[in-house]
Amino acid sequence: MSRVPGFGRIDRSRTVTITVDGVPYTGHPGDTVASVLLAHDVHPRTTSVKYGRPRGITGAWTEDPTGLIQVEEPFPEPMLLATTVEATDGLVVRGVNGQGRLAEVADTARYDRRHHHCDVLVVGAGPAGLVAARAAARRGESVVLVDDRADPGGTLTGTETIDGEPSPAFVADVVAELADQPEVTHLQRTTAFGHYDDGFVLALERRGDSVDGYGLRTRQRVHRIRASRVVVAAGAIERPVVIEDGDRPGVVLASAARDLLHRHGVLVGREVVVFTTNDSAYAAALDLHEAGAGVRVLDARDEAPRGWARACAERGVAVTPAATVRGTRGEERITAAVTGDGTEIPCDLLLLSGGWTPAAHLVSHVGGALTYDETLGAFVFGEPVAGVEVIGAANGTLALADVLREAGGAGAPHAPAEDDGAPPRVLWRTEGDPARQFVDVARDATVADIARAVGAGLTHPEHVKRYTTIGTAHDQGRTSGMLAIGILAELTGRPVAAMRPTTFRPPFVPVAFAALAGRERGDLFDPVRTTPLHAWHVAAGAEFEDVGQWKRARHYPRAGEDMTAAVLRECAAVRTSVGIMDASTLGTIDVRGPDAPVLLDRLYTNMMSSLKVGRVRYGVMCGNDGMVRDDGTVLRLAENRYLVTTTTGNAAAVLDSMEEWLQTEWTDLRVRLTSVTDHWSIAAVAGPRSRDVIGAVFGDLDVSNDAFGFMTWQDTVLDGTPVRVARISFSGELAFEVSVASGYASAVWARLLAAGQAYGITPYGTETMHVLRAEKGYPIIGQDTDGTVSPHDLGMSWAVSAKKDDFVGKRSYTRPENRNPLRKQLVSLLPTDAATKLPEGSQIVGFCADGRLPAPPVPMLGHVTSSYHSAELARPFALALVKGGRDRVGEVVHVPVEGELVPALIGSSVLVDPEGARRDG
Amino acid sequence: MADLPVPTLPWAHPLESRRARLEDVSAVRQELSAPVAAVDLRLDPAGAGPAAVAAVVGGPLPERPDTWTALPAGLALRLGPDEWLLTSSRARPEDWEFGVDEAALAHGGSAVDVSAQRTSLRLRGQRARDLLASCCALDLRPASFPRGRCAQTLLGQSAVLLVAHDTDDLQLFVRTSFAGYVADLLVDAAHDF
Amino acid sequence: MQLISCPWCGPREEVEFSYGGQAAVAYPEHPAALTDEQWARFVFFRDNPKGPFAERWVHAAGCRRWFTAVRDTRTHRFVSPSEVTS
């Protein structure tokens, strides 16, 4: 065991058992998978993606480029870092070689989101973030504080002194003070992964499956935080120095070894060589020494920092200045470090520290420019970004005393300054074989690869990144990105300051799609809109179809019926007796005001001002391009009031467009528009016996043809409730539409069903409605049209007014293209075998005079837009858009169906009751 | 209009089938509001129109968009520069429309009965705002959205009208066809409260 | 998720809005008097500047009012008309 008594913040009173690669290991709450393994002296080993070289763990948190694992239990998740997965009882993981495995079963865990609004968002609960959050809270600001680790404190190890007390006590005090503030939200295990416009930050909270104190609740939560000010206190990331065979297991970042010791009580090695370019690694050297390791420090600088050298001397840690490590020896694990002069120092752990790179990501996300800091050897924030502050190590401020001052201002807590420190040396790599100097160990990319990129003429870091793939792995180059730029500068002989670093983009850490989706999956993926009759449809056994966001009953199959059989039965019922359909999804707009007739005359191709009160007219709306956008009926309710219906899918778009005309173009018109789609429920009662049904339910109505003519409406009352009945037909049959305030829809529907029982009233769905209307050649906008079809193309020149000076689209009809006789026109197609249902969307081709297909490419004449079996015609039929179609009536064309050419006869678009004899019953 | 008999036709709440599930949520009380008469009033805010309507509905209309005022038996919610939603738990929808419309007409306005266009849920409890904040991006902190405020916004992917009655008392109007989605969303969100 | 300021409802998330394209493209007074090309220009052609662009937006999920806003197409940032120099 490499667990050291007296070190670590794990809960030693309890144990957890995890299984790694089939072997059970015990650890403690507070452990990660990595720390459990290292505590058992198991150095998790993976194989590198390109060269198959052994790889171990090199970091202690999200900066680790190598220690990828696959979680199998409690739920499969690929490509997580052993250093970031908390050890929980029952966890089962295995190491992965570059590629994980997605679950093959649905994830039943819950994921959700929360919205927050605050004055200040502080990212990072290290010393800088804690102090900044406390200062903001004391100013009375509302604060959200997020931190990605399990506990607050960041890089504080517990050995520091702040305001005269040990740092853990200081952290606990600040956390307690924040917890007392109602305006403060403090979230641990929460990673701010993206920073977007206007102070908007997304953060992922890992709530765990059974993490202590969390229970079985939402596994992950995305916090959507809108902050007036974002304070980035995300710290800095240590980078190594690139050395030969520096990818060998047992080569670890100095800060990671220290973190593992103080957080988890794990000593990663017994014989330790520390190679550093800066002061920070000395703390690691001393702490590991205190924990029982033999430690030697090689400092790349000509002189070791005096204060640290003194401390080392006192404790018996050897320090060699002006020394470098060139490479490593060993097989599966390091056995020796090779120094610059060729000496081999036996060791089982080589700690590297090549300096610190500020975690610039969240500023880079919002376009913050970075500038090179020569002393630090890293890019720091250059120009200020409005609403964003960067403090602490993220700002390049590394010493604790300075960090506290920067974060806390006048009332900042105090920490003793480190004495006799020395500036870092910027060193990207030591002497060695470039082909064995790994820059990005996750991608197996070496200095030789960068040299090859330069040789190929690439000099910009963005280009080199893509050529070498450095920085494109799961870690996004946290430790390797800066090194690659430094080495690129070296190889091209240009100053680093002249380089523009690559842009960081969200997410900062990998985020599961499930977390992004939140609760928007399954039934909540998209709003499901239902009519008040939905429960009735369900009980009646309806099959549903999605129309926009609506669930509409498509047909009502009886036992043993497929859709074809059910629809044929429903069609026959409407054509011979009576059927009833829920038409509540139709968009309805109340149009009011003295200029309502003017507005509708401008928007519809036909005349609406001449419509008499009490009457109904079908209308077509087009765009400026003259193409059909929508159609529907218009009821004139009063001189200054109309009720406009739109197609189900277009209701919102039509209303928006009408408002746009009114609000931005014709602002002088005195018209108001109100959506009443959900207010009105509409039952369509259709068929030769519909008059009997309506007459029976609404005793006050005279439903005779003379008193209640086609395309008129009347108001009536049913048991004290107002009802509107209109004679509108979308099937060619005698038909009525009954409208009532939606709360009464079920009651009215029940009355209609009861009254229709004598006639075998049959509920019918949208599929049946489609067949019935297609038999009559009525187009469905969006099915038989696609935005390139004019009213003339649909054979609806009768609906285009010649009298009006202008209406939307009119001018386009005189464009030559709209007068082209070869435009596609709506016609019917009857497959001559009277048996084949032509698939919708099929292309249509014509034979040459000699009865053969033209040479390829065969010209396409058009396509099938609607196709059904007809009960009335006792055969399949289709509607199609065909070039010059109306002039081709009587011709036979061909439709490829499953490799065969099916001949089909072009006919007029109206196949049933062309003279319109049935509409009056 | 006044000679209509009292309606005896059965009326159904759009969320009736979800009543039990909503009531099961303990952290935030979610009640189906009783139906009210409601009109959508469109009127020029300048001039005498608002005062004329106020005289009919029994209370002043709110002066700023996204605010509401109380009426003797309902709410006057200002939805936009020239639009209000006026509710009454006493009037019959057809009478409510007739009366408001008559007053508005003289000032170039109009009122349309939208009683059945929306339904509403009342959310009560200390965590009512948190529950809404799990599905709504609007700043719902009491200081930003105090009593007297209302807002048309998105809850999940559905348009809703939120009304702040008090710190722990909010009301949500939603179009009837979206009501089931919104209720399911809230029940789902309340899981973790 | 950008915020867009509705003149009536204040700043709201961009998903509450729908886009209406270039603002101030007036419907021609007498469409019939235009040549085919002039009409086609009105129907099909819009500016596509790099920089400030006056656009129409509608607060679709809110008050349903259309309004004009100036957005810098290089940054997506909305600018007040006074900031527009070119």
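Proteins come first, then strands; the chains are lettered A, B, ... in the order of their sequence lines, and each starts at number 1.
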(message) Looking at A:Phe513, I want to see if its CZ is surrounded by more than 12 non-hydrogen atoms of other residues, nucleotides or ligands under 6.0 Å.
(response) no
(message) Can you list the residues of residues 598-605 of chain A that sit under 4.5 Å from chain C, counting heavy atoms only?
(response) none
(message) What part of C:Phe67 gets within 4.5 angstrom of chain A, counting heavy atoms only: side chain, backbone, both, or neither?
(response) neither
(message) Counting only non-hydrogen atoms closer than 4.5 Å, does C:Trp39 touch chain A with its backbone (N, CA, C, O), its side chain (CB onward), both, or neither?
(response) side chain
(request) Any chance you could measure A:Arg224, atom CZ, to C:Glu13, atom CD, to the nearest 0.5 Å? (result) 4.5 Å
(request) With rounding to the nearest 0.5 Å, note down the distance linking CE in C:Met1 to OH in A:Tyr196. (result) 10.5 Å
(request) Applying side chain to side chain contact (heavy atoms under 4.5 Å, CB included), run through A:Arg226 and C:Leu3 and close with a yes or a no. (result) CA-CA 10 Å; A:Arg226 181 77 65 179; C:Leu3 295 176; 3.4 Å; yes
(request) Taking A:Gln663 for its side chain and C:Trp66 for its backbone only, find out whether a donor-acceptor pair lies under 3.5 Å. (result) yes
(request) Spell out the residues in residues 652-662 of chain A that have some non-hydrogen atom less than 4.5 Å away from a non-hydrogen atom of chain C, in order of number; otherwise answer 'none'. (result) A:Leu655, A:Asp656, A:Glu659, A:Glu660, A:Trp661
(message) Apply side chain to side chain contact (heavy atoms under 4.5 Å, CB included) to residues C:Arg56 and A:Thr664 and explain how you reach the verdict.
(response) CA-CA 9 Å; C:Arg56 255 180 209 158; A:Thr664 69; 3.4 Å; yes
(message) Quick check: closest heavy atoms across A:Glu665 and C:Val25, and the distance to 0.1 Å?
(response) OE1-O, 3.9 Å
(message) Any carboxylate oxygen within less than 4.0 angstrom of a Lys/Arg side-chain nitrogen, looking at C:Arg77 and A:Asp198?
(response) no
(request) Give a yes or no on this: more than 12 heavy atoms of other residues, nucleotides or ligands lie within 6.0 Å of atom CZ of A:Arg521. (result) yes
(message) Just verifying a value: how many Å separate A:Asn624 CG and C:Tyr27 OH, rounded to the nearest 0.5 Å?
(response) 5.5 Å
(message) What part of A:Asp625 gets within 4.5 angstrom of chain C, counting heavy atoms only: side chain, backbone, both, or neither?
(response) both
(message) To the nearest 0.5 Å, what is the distance between CZ on A:Arg815 and OG1 on C:Thr35?
(response) 11.0 Å
(message) Under 4.5 Å from any heavy atom of chain A, what part of C:Arg65 do you find: side chain, backbone, both or neither?
(response) both
(request) Supply the atom-to-atom distance C:Phe42 CZ to A:Ser812 OG, rounded to the nearest 0.5 angstrom. (result) 9.0 Å
(request) Take atom CG of A:Asp805 as the centre, draw a 6.0 Å sphere, and report whether it contains more than 12 heavy atoms from other residues, nucleotides or ligands. (result) no
(request) Rounded to the nearest 0.5 Å, what's the gap from CZ on C:Arg64 to CG on A:Leu673? Could you check? (result) 7.0 Å
